[in-house]
Amino acid sequence: MAKKGKVTRKVKRPIIKLMCTVCKRASYSTRKNPKNTPDRLERSKFCTICKKRTPHKETK
Ligand SMILES: [Zn+2]
């Protein structure tokens, strides 16, 4: 019952950038599933420029 290979390429998930809303720098990139999150992604992440946790918004 061993799974061979990676066959999880059916859904194309575009790579998006997460921009810090404080310093406006895109310091993170992630992938998202448009089906699960059709709206703009917003995540609280640690910004290395601001040196603190800031809300990061999806940008292109
Ligand atoms: Zn920042």
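Atoms within a ligand are numbered from 1 in the order they appear, just like the ligands themselves. One-based numbering along the sequence shown.
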Quiz item: Tyr28 side chain to Arg43 main-chain N or O, any donor-acceptor pair under 3.5 Å?
Solution: no
Quiz item: Which atom names give the shortest non-hydrogen contact between Lys57 and Glu42, and what distance separates them?
Solution: CE-OE1, 3.2 Å
Self-check item: Working for side chain to side chain contact (heavy atoms under 4.5 Å, CB included), residues Thr30 and Ile15
Solution: CA-CA 6 Å; Thr30 184; Ile15 298 167; over 6 Å; no
Self-check item: Residues Lys32 and Glu58 bridged, charged N to O under 4.0 Å
Solution: yes
Exercise. Could you name all protein N, O or S atoms found under 2.8 Å from the Zn ion (ligand 1)?
Key: Cys20 SG, Cys23 SG, Cys47 SG, Cys50 SG
Quiz item: Looking at Thr54 and Cys20, what are the two nearest heavy atoms and their distance?
Solution: OG1-SG, 3.2 Å
Self-check item: Flag, side chain of Ser29 to backbone of Lys17, donor-acceptor distance under 3.5 Å
Solution: no
